[in-house]
Amino acid sequence: MYHDTEALRKELLDEAYAGAFSGLGAMLLDAEEIRNADAEELEEIARRYRK
């Protein structure tokens, strides 16, 4: 469990942007989801990213 929600958000966004930059355009949709997620949703996204 992350205690710093914004640090988690930044880490997930960095990964999503890196994926988008490498040619995985769908990662832009993930980035939008990450930007709009609350703390609980961020933790679920992190589990999907295996963080």
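- When side chains are defined from C-beta on, Glu32 counts as touching Asn36, because their heavy atoms get closer than 4.5 Å.
- Side-chain contact between Leu24 and Met27 is present, with heavy atoms from C-beta onward closer than 4.5 Å.
- The number of heavy-atom neighbours closer than 6.0 Å to CD of Glu44, taken from other residues, nucleotides and ligands shown, is above 12.
- Between Glu33 and Arg48 a salt bridge is recorded (basic side-chain N to carboxylate O distance below 4.0 Å).
- Contact of the Tyr49 side chain with the Glu15 side chain is registered, since non-hydrogen atoms from C-beta on lie closer than 4.5 Å.
- A donor-acceptor pair under 3.5 Å links the side-chain atoms of Arg9 to the main chain of Ala37, judged by distance alone.
- Atom CZ of Arg35 sits about 12.5 Å away from atom CG of Leu12, to the nearest 0.5 Å.
- In this structure, the separation between CD on Glu43 and CG on Asp38 is 9.5 Å, given to the nearest 0.5 Å.
- Checked against Leu8 for a side-chain contact (heavy atoms from CB on, under 4.5 Å), the options Ile45, Leu13, Leu42 give a single hit: Leu42.
- To the nearest 0.5 Å, atom OH of residue Tyr17 and atom CD1 of residue Ile34 are 8.0 Å apart.
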